[in-house]
Chemist: 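Take this structure first; my questions come after.
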Protein chains: 6
Amino acid sequence: MPDDIRIRVVNPNTTRAMTDLVGRSARVVAGPGVHVDAVQPTTGPASIESHYEEALAAVGVLEQVRRGEAEGVDAYVVACFGDPGLDAAREVACGPVLGIAEAAFHAAAMVARRFSVVTTLGRTVGRAYELLDRYGYAGACAGVHACEIPVLAIEAPGALARVTAACRAAVEADDVDAVVLGCAGMAAYTQRLSDAVGVPVVDGVAAATTFVAGLVRAGLRTSTRSEYAPPPPKPVPGLLGGFAITSPAALAAVPH
Amino acid sequence: MPDDIRIRVVNPNTTRAMTDLVGRSARVVAGPGVHVDAVQPTTGPASIESHYEEALAAVGVLEQVRRGEAEGVDAYVVACFGDPGLDAAREVACGPVLGIAEAAFHAAAMVARRFSVVTTLGRTVGRAYELLDRYGYAGACAGVHACEIPVLAIEAPGALARVTAACRAAVEADDVDAVVLGCAGMAAYTQRLSDAVGVPVVDGVAAATTFVAGLVRAGLRTSTRSEYAPPPPKPVPGLLGGFAITSPAALAAVPH
Amino acid sequence: MPDDIRIRVVNPNTTRAMTDLVGRSARVVAGPGVHVDAVQPTTGPASIESHYEEALAAVGVLEQVRRGEAEGVDAYVVACFGDPGLDAAREVACGPVLGIAEAAFHAAAMVARRFSVVTTLGRTVGRAYELLDRYGYAGACAGVHACEIPVLAIEAPGALARVTAACRAAVEADDVDAVVLGCAGMAAYTQRLSDAVGVPVVDGVAAATTFVAGLVRAGLRTSTRSEYAPPPPKPVPGLLGGFAITSPAALAAVPH
Amino acid sequence: MPDDIRIRVVNPNTTRAMTDLVGRSARVVAGPGVHVDAVQPTTGPASIESHYEEALAAVGVLEQVRRGEAEGVDAYVVACFGDPGLDAAREVACGPVLGIAEAAFHAAAMVARRFSVVTTLGRTVGRAYELLDRYGYAGACAGVHACEIPVLAIEAPGALARVTAACRAAVEADDVDAVVLGCAGMAAYTQRLSDAVGVPVVDGVAAATTFVAGLVRAGLRTSTRSEYAPPPPKPVPGLLGGFAITSPAALAAVPH
Amino acid sequence: MPDDIRIRVVNPNTTRAMTDLVGRSARVVAGPGVHVDAVQPTTGPASIESHYEEALAAVGVLEQVRRGEAEGVDAYVVACFGDPGLDAAREVACGPVLGIAEAAFHAAAMVARRFSVVTTLGRTVGRAYELLDRYGYAGACAGVHACEIPVLAIEAPGALARVTAACRAAVEADDVDAVVLGCAGMAAYTQRLSDAVGVPVVDGVAAATTFVAGLVRAGLRTSTRSEYAPPPPKPVPGLLGGFAITSPAALAAVPH
Amino acid sequence: MPDDIRIRVVNPNTTRAMTDLVGRSARVVAGPGVHVDAVQPTTGPASIESHYEEALAAVGVLEQVRRGEAEGVDAYVVACFGDPGLDAAREVACGPVLGIAEAAFHAAAMVARRFSVVTTLGRTVGRAYELLDRYGYAGACAGVHACEIPVLAIEAPGALARVTAACRAAVEADDVDAVVLGCAGMAAYTQRLSDAVGVPVVDGVAAATTFVAGLVRAGLRTSTRSEYAPPPPKPVPGLLGGFAITSPAALAAVPH
């Protein structure tokens with residue numbers, strides 16, 4: 001077990017305020033001996049509300065994880081609810097990598113029988129269901145609900161009231177005993193939402209940060225047996241050429 | 001129903017020989033009135049055998065689909081078995097978009113009760129299972145098997161024999177009545193494999209090409225109601241800046 | 001690949017107007033080089049709204065498929081939403097056979113994340129759920145809704161308005177991005193429904209016709225390895241004696 | 001609760017020896033106050049080993065159930081492992097109707113955690129899996145295995161030894177604690193198989209007979225709320241004309 | 001097959017009136033040749049409305065089953081809807097053991113396509129869903145609904161009206177064709193509920209009693225191959241020391 | 001977030017050596033600021049290898065959790081792979097409670113695509129599958145394998161070699177990239193097994209300890225909305241009378 005654990009929270013979008021927010025959310029729960037920093041890609045969309053943006057953002061996540069490897073980071077959190085680039089990041093990181101959707105579902109299942117998800121825009125609901133299936137929570141989740149607030153407006157006046165109303169409605173309609181927040185941007189609201197609604201409200205940034213630190217303490221890192229082994233070196237022509245992995249040793253390098 | 005249908009087969013990797021191969025595979029089944037061209041991205045990995053490469057390749061798929069929109073293409077086939085960028089491509093294309101994994105599963109289910117998948121490297125098996133779940137074929141697929149031939153060696157001497165052996169073994173071990181080929185590069189082998197193994201062998205390029213043409217003839221295109229609506233315009237700083245969608249009208253434009 | 005493809009659409013009920021309707025629906029999407037005819041059994045119920053009628057209708061489907069084999073038909077569509085006799089038809093046909101429920105589900109999944117089904121009578125809802133399970137679409141379908149119009153009244157005045165209302169209500173209540181029509185008799189309404197509701201509306205007759213033609217072009221026919229091999233010759237005493245298969249060669253013959 | 005219960009076991013094929021066998025199997029377990037008779041259709045295949053034959057046999061099942069209604073039968077067992085015509089039979093019978101596959105799965109789940117199915121020909125395996133899904137036993141069943149003995153040879157010399165070997169192999173390979181027999185014709189072997197293999201061996205005829213009697217004693221009959229309500233009266237031209245239901249009262253009549 | 005069958009209905013709680021009720025419910029359907037007695041533990045909660053109480057009650061069930069073994073009982077019914085101690089009871093009983101939740105689900109699936117469950121307190125809904133999953137009925141059950149009446153108030157004035165209303169509402173909201181009663185205490189209401197709601201209403205005590213008698217008649221008892229073999233002898237210090245199994249022969253003894 | 005976190009690891013069996021072992025396993029990963037103690041019930045079986053023993057052990061878990069509540073414990077780990085009494089413990093604890101099966105599955109899914117479970121006796125395999133279903137890991141787990149070593153012999157000479165062989169065989173046969181240890185008694189072997197087999201090997205005691213500490217840091221505790229609310233006060237006559245909850249305030253008391 002390392003004496004000190006370095007966790008990097010990667011905000012997959014390129015909005016600085018969001019990066020700062022997820023960094024604060026992670027630090028508050030990290031506990032003694034865990035050092036958290038928060039970063040964002042040098043390229044990619046300002047927020048992620050579509051599959052198109054998620055595809056672009058995945059590239060940025062990989063850029064930051066490879067940079068982290070060069071800097072000796074122990075573990076990563078991918079801090080967007082679509083878990084963009086998560087499996088790819090596992091291939092290029094030595095330590096464990098957690099997405100916040102994944103972590104939030106795990107946490108909710110630990111403190112409740114069934115939960116609902118409250119997310120931003122309705123167009124992201126399908127991706128949430130896909131992730132629920134992927135992680136085995138199709139049965140534990142009773143519904144995914146959108147409050148139709150764009151990601152970058154989630155801290156605007158009135159937003160908390162709308163998210164609160166959506167959480168309350170979800171608990172009643174779905175008869176669940178917990179709520180998962182479907183956007184990293186809602187992290188600052190967690191405690192107030194839980195107080196207002198009367199059930200555990202789960203923020204994936206907090207869950208992922210403590211769980212990934214736990215994996216490091218337990219000596220667990222991503223398997224390299226097959227699927228998540230480092231990608232084979234291979235040419236990458238054109239714009240993304242800096243992302244080519246030219247040798248196994250070059251994995252821990254900053255794409256340029 | 002359009003008199004003539006233009007289908008673009010997008011090879012997500014940047015290897016010209018593979019692009020030519022999938023183009024031929026598609027043309028041979030397209031039928032009268034269907035015009036097929038085959039393209040590849042200007043950037044991205046030479047082949048796709050990891051999540052990391054798939055994430056990079058998705059960007060190239062989006063580049064080519066947006067180019068196709070500027071050129072009036074009616075429908076698209078994403079010709080890599082991981083279906084990279086498929087959901088994102090649906091958001092930026094007017095006409096239907098099919099992945100070859102998806103199409104191959106549909107086709108196999110139409111001619112057989114249960115099928116096995118024979119793919120290239122063992123490290124891609126997990127993604128195949130994920131797609132089977134995503135498309136509803138977890139029950140219909142009895143096994144995914146790797147023949148451990150890299151994608152770019154799939155036309156090398158001896159490869160056909162190994163793929164044949166893998167198909168035969170899968171049919172016996174899994175007791176299935178069809179085989180799905182887990183790599184676009186195997187398309188040229190389809191008929192010989194079917195003859196050798198004695199069951200339908202499904203190539204996703206052929207299946208996707210005829211099915212997507214069928215969708216066009218039936219007047220069906222991707223829903224724009226919610227999830228697959230065009231992405232909202234938004235800044236994209238840095239390397240991927242050319243992929244920013246600056247206005248709804250700019251969707252049909254070549255990222256630069 | 002055959003130069004010309006002969007597709008037979010089998011209406012499983014014995015109502016001539018329905019046979020004509022499904023024939024028209026199929027022809028309109030078939031495309032160049034595809035010849036469609038539409039037939040109906042010489043015996044069986046006037047419409048199919050119960051399991052009892054479906055059991056009787058399956059016999060008629062088999063009669064018409066065996067007749068088609070004697071006439072050199074390349075592929076078949078079973079044009080009733082319960083897919084009656086589909087597996088049995090596959091055993092006696094050389095070419096592929098598709099049911100319209102099956103094809104409609106595939107098509108809907110190609111253009112939407114989740115769909116609802118709008119069908120005729122409530123008593124057929126259970127069968128629709130059974131088929132969704134059978135084909136792997138239990139997760140993709142968000143609901144099956146009846147508009148409580150008998151099959152043979154589906155073209156009566158006022159019916160379109162009721163079906164439209166049911167489609168609209170399903171899209172809202174289930175939050176889906178496509179609708180599948182649960183009766184071949186609704187085929188003529190497809191375009192108007194899609195225009196009115198604003199999402200893709202899928203008619204199984206069109207979907208099955210273009211997909212089964214695609215299977216023929218791709219060289220795919222039902223597997224004969226095990227389950228779908230021709231039935232063994234065997235005595236059939238009594239009323240159904242004409243359906244006995246007296247030798248493998250006799251498969252392609254008209255039951256009498 | 002009726003004083004005496006009349007149960008009719010319908011053998012869906014037209015082989016008298018099989019009818020006698022299932023009658024004996026049912027009578028031996030029926031218990032006091034339960035009267036069992038066994039019947040077979042006047043038309044249909046000599047045995048059922050394909051979907052084609054199952055479709056023909058369903059008509060015969062309906063013939064016999066309607067005759068039973070005219071004679072005051074309290075409950076029915078459909079004694080072929082494909083449960084042919086079961087849902088249709090429920091629509092035309094007042095009392096409960098059980099298939100032997102269904103009943104065998106229920107019974108096996110009551111005395112074991114997981115079971116395997118041992119059936120006749122490999123071509124029937126797909127139907128067995130379909131029924132396991134239909135009844136909710138996809139998880140409880142660990143495997144379906146064929147001993148490749150035709151139905152009508154199941155009492156031939158050597159057959160018991162092969163079935164025994166198949167049961168033993170299934171228990172070892174699948175690590176299960178019970179076996180379900182996949183053919184009514186194996187009913188006479190049940191006790192010997194159980195003794196030889198050392199786990200409960202479940203014959204569906206016995207299970208269905210005692211369970212359907214239990215339903216009658218518990219006052220339970222098939223719901224008539226929606227799906228299983230009697231079929232609406234309707235014309236049936238041609239060969240199957242005798243199966244037309246001309247009025248609600250005519251349900252309890254012998255098709256001719 | 002035994003001439004006479006002795007079935008013991010174990011009420012897992014310690015309320016005498018409930019024991020008497022489930023005894024009556026069982027006797028009324030048992031049929032000739034089946035002798036039913038009803039017992040309750042010497043220790044445990046007065047009613048079972050939480051996981052905590054269920055854990056305590058399981059001990060009482062085991063006490064009574066071991067006592068039954070000493071007295072030559074042929075089969076057991078565990079008469080609380082959470083099926084407490086069921087798997088454990090199977091390990092210590094020679095004959096079959098059925099829970100009433102399990103039996104009710106089986107029975108409902110035999111007479112209806114889909115059913116709803118109407119239970120007592122909302123806090124037990126999660127356990128009901130867990131059992132539905134365990135027994136394979138997640139797909140067949142459309143909803144679990146609480147009427148918020150404590151178990152011991154289920155025979156109080158006004159209770160029948162509330163349960164009736166809950167059943168009616170469930171049938172309409174879930175569009176099901178049967179209702180399962182989620183508490184043994186509702187058994188006396190079964191016929192009146194069925195008459196009022198117009199669908200089969202299933203009481204698990206009746207279902208379990210007739211089914212377990214059927215298992216005995218069919219010669220089926222719990223498998224002893226692996227999971228349900230008798231527990232190995234082992235020390236049990238402290239309060240529960242009387243429950244220690246000191247030797248295989250001591251299984252059939254009353255814990256003290 | 002509390003400055004110091006008190007976690008109690010409850011060994012559900014009554015063997016002191018096992019209690020000491022799980023205490024050590026937990027302490028080694030707990031990290032700064034987390035205080036771990038390990039306890040065992042005053043009554044219950046020496047080891048847990050059957051449902052019968054699990055039912056007895058659940059009572060002991062509840063005894064120790066209620067004692068912990070009286071002593072101000074922040075969170076609990078139930079350290080037996082069957083997760084005995086877990087849901088009940090959640091009802092009587094203020095802080096979060098994790099089972100080691102549950103936690104191990106979560107951890108394995110975080111570092112691998114698919115895992116196998118290696119457990120002690122074959123008779124516990126069914127319970128493992130039940131828990132996999134319960135927690136949503138039926139798809140992620142490729143197999144549960146027994147090495148047929150009794151729990152209390154797991155530290156005997158030769159045991160490590162057998163467990164190692166079982167883990168290696170599971171990885172090959174199931175083609176998985178991680179292994180979950182199916183018994184708390186294997187915790188001391190974790191690192192050696194991982195080194196020998198070359199994939200992450202997950203011990204649930206370590207996983208549960210770090211995760212439950214993470215839940216406390218993230219401010220998450222079991223929901224009290226419905227299912228996991230404290231049990232209602234109620235009489236408990238007889239042997240278990242000390243477990244009665246006489247008032248809400250009495251929850252935090254040692255049963256006697």
Side-chain angles (χ1 to χ4, degrees), chain C residues 14-15 41-63 66 84-92 121-127 130 133-134 146 150 152 225-232 234-245 255-256, chain D residues 14-15 41-63 66 84-92 121-127 130 133-134 146 150 152 225-232 234-245 255-256:
Chain C
T14 48
T15 296
T42 62
T43 185
S47 65
I48 304 172
E49 299 167 322
S50 65
H51 295 288
Y52 182 84
E53 290 153 356
E54 194 169 306
L56 300 182
V59 173
V61 169
L62 297 176
E63 175 199 61
R66 288 188 62 195
L86 178 59
D87 280 327
R90 284 178 171 151
E91 293 175 330
V92 293
L121 300 186
R123 64 179 298 151
T124 69
V125 167
R127 176 64 178 161
E130 188 175 359
D133 279 335
R134 166 69 176 83
L152 297 183
R225 179 176 183 266
S226 174
E227 179 171 354
Y228 294 125
K234 196 173 292 179
V236 178
L239 185 73
L240 296 170
F243 283 83
I245 294 173
H256 53 281
Chain D
T14 49
T15 296
T42 63
T43 186
S47 65
I48 304 173
E49 299 168 323
S50 66
H51 295 287
Y52 183 84
E53 289 153 358
E54 193 169 307
L56 300 183
V59 172
V61 169
L62 299 176
E63 176 200 60
R66 291 188 59 195
L86 178 59
D87 280 327
R90 283 178 173 151
E91 294 174 331
V92 293
L121 300 186
R123 64 178 302 153
T124 68
V125 167
R127 176 64 178 160
E130 189 174 358
D133 279 335
R134 166 70 176 84
L152 297 183
R225 182 179 183 264
S226 173
E227 180 172 352
Y228 294 125
K234 196 173 293 181
V236 179
L239 186 73
L240 297 170
F243 284 82
I245 295 171
H256 51 281

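A note on names: the letters A, B, ... follow the listed sequences, proteins ahead of strands, and every chain is numbered from 1.
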Chemist: How close do Gly126(D) and Glu227(C) get, counting heavy atoms only, and between which atoms?
Modeler: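 Scanning both residues, the minimum pair turns out to be CA-OE1, 3.4 Å.
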
Chemist: side-chain contact (heavy atoms from CB on, under 4.5 Å) for Leu240(C) and Leu240(D)? Distances and angles first, verdict last.
Modeler: CA-CA 9 Å; Leu240(C) 296 170; Leu240(D) 297 170; 4.2 Å; yes

Chemist: Using the side-chain contact (heavy atoms from CB on, under 4.5 Å) rule, take Phe243(C) and Val59(D) through it: C-alpha gap first, then chi angles, then the decisive distance, then the call.
Modeler: CA-CA 12 Å; Phe243(C) 283 83; Val59(D) 172; over 6 Å; no

Chemist: Is it the side chain or the backbone of Glu49(D) that comes within 4.5 Å of chain C heavy atoms, both, or neither?
Modeler: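 It is both, since atoms from each part get that close.
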
Chemist: Where do Asp133(C) and Asp133(D) land on the side-chain contact (heavy atoms from CB on, under 4.5 Å) test, with the steps shown first?
Modeler: CA-CA 8 Å; Asp133(C) 279 335; Asp133(D) 279 335; over 6 Å; no

Chemist: For each of Arg225(D), Arg134(D), Glu54(D), Arg127(D), tally heavy-atom pairs with chain C at distances under 4.5 Å, and name the one with the top tally.
Modeler: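 Top option by heavy-atom pairs under 4.5 Å: Arg134(D).
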
Chemist: Chain C: which of Ala58(D), Ala89(D), Pro230(D) shares the most heavy-atom pairs with it under 4.5 Å?
Modeler: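 Option with the greatest count: Pro230(D).
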
Chemist: Nearest heavy-atom pair of Thr43(D) and Gly238(C): which atoms, and what distance?
Modeler: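 Closest approach of Thr43(D) to Gly238(C), heavy atoms only: OG1-C, 3.3 Å.
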
Chemist: Below 4.5 Å, heavy-atom pairs only: which of Pro232(C), Pro150(C), Gly122(C) has the largest tally toward chain D?
Modeler: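 Maximum pair count with chain D is reached by Pro232(C).
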
Chemist: Only pairs of heavy atoms separated by less than 4.5 Å count here; which of Leu152(D), Ile245(D), Val125(D) has the most with chain C?
Modeler: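 Highest number of heavy-atom pairs under 4.5 Å: Ile245(D).
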
Chemist: Name the option with the most non-hydrogen atom pairs under 4.5 Å to chain C; the candidates are Arg90(D), Glu63(D), Glu130(D).
Modeler: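 Most pairs with chain C among the choices: Glu130(D).
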
Chemist: For the CG atom of Leu239(D) and the OG1 atom of Thr42(C), what is their distance to the nearest 0.5 Å?
Modeler: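 The CG atom of Leu239(D) sits 7.0 Å away from the OG1 atom of Thr42(C).
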
Chemist: Of all of Gly44(D), Gly85(D), Ala229(D), Pro41(D), which one pairs up most often with chain C through heavy atoms under 4.5 Å apart?
Modeler: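 If we count pairs closer than 4.5 Å to chain C, Gly44(D) comes out on top.
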
Chemist: Which heavy-atom pair separates Pro231(D) from Glu53(C) by the least distance, and what is that distance?
Modeler: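 For Pro231(D) and Glu53(C), the tightest heavy-atom pair comes out as CB-OE2, 4.3 Å.
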
Chemist: Show, in sequence, the C-alpha distance, side-chain angles and deciding distance for Arg66(C) and Tyr52(D), and conclude whether the side-chain contact (heavy atoms from CB on, under 4.5 Å) test is met.
Modeler: CA-CA 11 Å; Arg66(C) 288 188 62 195; Tyr52(D) 183 84; 2.8 Å; yes

Chemist: Considering non-hydrogen atoms only, spot the tightest contact between Leu62(D) and Ala55(C) and give its length.
Modeler: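 Looking at all heavy atoms of both residues, the closest pair is CD1-CB, 3.8 Å.
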
Chemist: Looking at Ser47(D), Pro84(D), Gly60(D), Pro45(D), which makes the most heavy-atom pairs under 4.5 Å with chain C?
Modeler: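 Of the candidates given, the most pairs with chain C belong to Ser47(D).
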
